[in-house]
Amino acid sequence: MTRKQKKTLARILVSAVLLAAAWASPLEGIWRLAAFLVPYLIIGWDVLWKAIRNILHGQVFDENFLMALATVGALVLGDYPEATGVMLFYQVGELFQSYAVGRSRRSIAALMDIRPDYANIRRDGQLVQVDPEEVAVGDTIVVQPGEKIPLDGVVLSGESTLDTAALTGESMPRQALPGSEVISGCVNLSGLLEVQVTKEFGQSTVSKILDLVENATAKKAKAENFITRFARWYTPAVVIAAAALALIPSLVVGGWQIWLERALIFLVISCPCALVISVPLSFFGGIGGASRCGILVKGGNYLEALTRSDIVVFDKTGTLTKGVFAVSDIRPQPGFSKDQLLETAALAESYSNHPISQSLRAAWQGQIDTARVGQVQEIAGQGLLATVDGGRVAAGNARLMEGMGLSPAACDQPGTVVHLALEGQYMGYILISDQVKPDAADAIAALKQQGVRKTVMLTGDNQATGEAVAAQLGLDEVHTQLLPADKVERVEQLLGQCKAGRHLVFVGDGVNDAPVLSRADIGIAMGAMGSDAAIEAADIVLMDDSPAKIGTALSIARKTMRIVHQNIVFALGVKGLFLLMGAFGAANMWEAVFADVGVAVIAILNATRALNISEFQPKKNTK
């Protein structure tokens with residue numbers, strides 16, 4: 001408990017003891033009133049003061065006004081135990097609510113405890129701890145084992161493993177080597193790292209993530225806005241209804257004291273605490289639970305919208321595939337070996353920075369001796385010609401081979417084909433393809449099981465490659481050979497195909513898909529560790545590159561909305577019932593307390609379930 005909560009608890013205990021003593025005392029008249037006023041003022045002075053202060057500021061109709069009016073009225077009628085007891089139990093409920101909200105906030109703060117306290121910089125041969133905001137781009141920082149990485153940067157020296165769980169929700173550590181990019185918020189587990197800073201603290205990943213989480217509640221869902229508008233009209237309406245209940249029957253049938261007491265009970269029951277607190281808390285818990293899974297949701301409105309997903313559109317490269325080209329097949333002609341073919345290709349491509357060239361060199365894994373490579377001539381759109389070990393090598397597509405009068409072998413597999421020829425003799429081909437993510441097919445199947453009507457893939461790849469990937473993953477539709485502007489046009493067409501009241505979700509890598517992410521009803525950025533474009537353009541950011549997290553986000557959103565709807569129906573249903581009972585004299589002041597405090601406590605307990613994400617976490621294999 002906080003210091004304030006402990007003081008409130010002490011006031012509750014003291015007031016409860018004094019209430020019991022006053023109830024048991026034989027005092028009568030003014031002395032009996034005085035005996036009950038002491039515990040009443042101890043427990044309720046702040047409620048009375050808030051009501052008076054709000055009235056002076058023009059904010060008349062709130063729960064403090066309702067509780068003050070009801071309990072003061074009960075004192076006037078001589079119902080001293082009821083007045084003090086109602087105020088006591090109201091404060092018990094307020095304490096419980098404060099504790100529950102605080103616990104939820106602390107839970108989210110703990111799971112998002114990634115803000116670094118300091119950064120290590122070498123000065124005069126010594127490590128000095130400085131505020132991360134004082135470190136400039138280009139400075140070198142030292143991250144020791146067990147410390148958080150305070151700023152984004154590139155590893156200059158050292159090797160280690162990094163715990164990225166706070167960012168991605170994944171327990172699998174990642175390796176950091178010289179040249180690796182590292183982001184703030186990760187924990188260095190083993191070796192000493194020297195890191196050159198690439199972003200100042202205000203622009204670092206950890207800073208942007210914290211800003212997103214802290215400001216997520218600013219974007220309210222329709223249900224939250226409804227509750228805000230509802231409370232604005234509801235409270236004055238019930239005050240007017242209570243006044244009518246006290247005045248009209250007493251003028252018609254008499255017995256003003258009975259009708260006034262019923263009106264006061266009506267006011268206690270009518271407090272909207274359960275709705276006003278539990279609904280926003282449910283969305284807050286849903287956003288916090290999602291962040292524990294490495295899913296950043298920019299507002300409750302996006303959680304609510306996600307539950308009405310109809311069509312999910314995917315970018316291919318970097319979203320459903322790894323976005324890393326690798327050699328997947330080597331087919332040499334008779335007279336040549338696979339090693340000879342791969343070595344020749346790696347040497348010929350040794351001066352190029354193209355991703356295909358890099359994949360060839362990576363597959364070779366041997367030492368590239370550039371002294372073996374002579375003149376290199378690139379032929380736009382076809383490939384290149386290079387001198388390797390004194391022989392003339394051609395490496396490129398089928399057009400390059402045909403232009404040399406050669407007949408390249410046909411390849412019916414999806415991917416990029418690099419044909420090679422040596423001194424005018426065809427050597428064979430190497431197939432380079434993007435690898436499908438291992439959980440992509442399961443992610444598509446899970447979305448369909450959750451009610452997504454259509455899954456679509458948009459890609460700039462050729463038709464054969466696109467259709468092969470779509471068939472492998474079980475996608476319903478694929479559009480190939482698209483430029484970024486073409487993707488926006490396709491999304492516009494698909495938006496028109498969504499059912500009424502349903503939404504289109506676009507999932508992209510967040511780098512070159514910003515226009516489409518912005519145009520979709522809901523934009524989800526994949527593989528967004530360190531991607532500024534993703535964080536800025538998307539509505540939901542996945543802090544790793546797992547397509548399975550889309551289904552997790554949808555499940556969390558639906559659980560959150562179930563809790564919200566449960567709380568709304570429960571609170572309104574119970575209050576409606578007790579309001580009728582109070583108006584007809586079937587409910588006393590103690591039952592009114594349950595209708596207010598009891599309903600609020602139950603609704604808040606239900607709302608905190610949104611923080612529980614154990615059902616969405618991968619099950620550990622105990623075998």
Side-chain angles (χ1 to χ4, degrees), residues 2 105-216 288 291-296 324 362 510-511 525 527-536 541-545:
T2 64
R105 290 186 179 275
R106 286 193 301 274
S107 178
I108 293 175
L111 61 91
M112 292 304 294
D113 184 22
I114 55 178
R115 186 187 298 276
D117 300 317
Y118 59 87
N120 298 316
I121 291 186
R122 293 191 191 277
R123 289 179 179 169
D124 300 325
Q126 300 291 324
L127 279 183
V128 179
Q129 293 184 355
V130 300
D131 192 304
E133 295 185 5
E134 298 177 11
V135 180
V137 174
D139 286 350
T140 300
I141 59 174
V142 177
V143 186
Q144 301 183 86
E147 292 183 335
K148 296 187 187 77
I149 296 177
L151 299 110
D152 296 4
V154 177
V155 176
L156 296 179
S157 64
E159 296 184 10
S160 183
T161 51
L162 305 179
D163 180 0
T164 65
L167 301 179
T168 66
E170 300 295 335
S171 58
M172 183 66 68
R174 302 194 178 198
Q175 192 171 20
L177 303 169
S180 301
E181 292 186 3
V182 293
I183 61 174
S184 50
C186 299
V187 178
N188 183 17
L189 296 177
S190 51
L192 184 78
L193 296 176
E194 290 197 352
V195 178
Q196 185 176 47
V197 176
T198 56
K199 294 179 184 176
E200 59 185 26
F201 182 74
Q203 297 299 316
S204 66
T205 301
V206 65
S207 181
K208 290 190 175 184
I209 291 172
L210 290 169
D211 183 65
L212 280 178
V213 174
E214 290 165 2
N215 294 298
S291 66
R292 293 176 67 180
C293 293
I295 303 167
L296 298 183
V324 178
V511 177
M529 292 186 67
S531 172
D532 294 336
I535 293 176
E536 295 296 332
V541 181
L542 308 185
M543 295 310 294
D544 62 9
D545 59 355

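We use all heavy atoms of the structure for the numbers below, so side chains are in, but hydrogens, waters and symmetry mates are not.
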Which atom of P150 lies closest to which atom of Y118, heavy atoms considered: CB-O, 3.5 Å

Least distance between heavy atoms, I149 atom then V182 atom: CD1-CB, 3.9 Å

Atom pair CG/CG of D163 and L189 - distance to nearest 0.5 Å: 5.0 Å

Residues in side-chain contact (heavy atoms from CB on, under 4.5 Å) contact with E134, at least two apart in sequence or another chain: V130, D131

I141 CD1 to L127 CG distance, which is reported to the nearest 0.5 Å: 11.0 Å

Any residue meeting side-chain contact (heavy atoms from CB on, under 4.5 Å) with L177, in chain and number order, not counting sequence neighbours: E159, Q175, S180

Heavy-atom pair of closest approach, residues E181 and V154: CG-CG2, 4.2 Å

CD1-NZ distance between I183 and K199, expressed to the nearest 0.5 angstrom: 8.5 Å

Side chains of T140 and R122 in contact at under 4.5 Å (non-hydrogen atoms): no

Shortest non-hydrogen separation from L193 to A176 and the atoms involved: CD1-CB, 4.2 Å

Contact check, side chains of Q129 and N120, non-hydrogen atoms, under 4.5 Å: yes

S157: partners by side-chain contact (heavy atoms from CB on, under 4.5 Å), with sequence neighbours left out: E194

Backbone of S160 reached by a side-chain donor or acceptor of S190 within 3.5 Å: no

Distance (rounded to the nearest 0.5 Å) between D152 CG and C186 SG: 9.0 Å

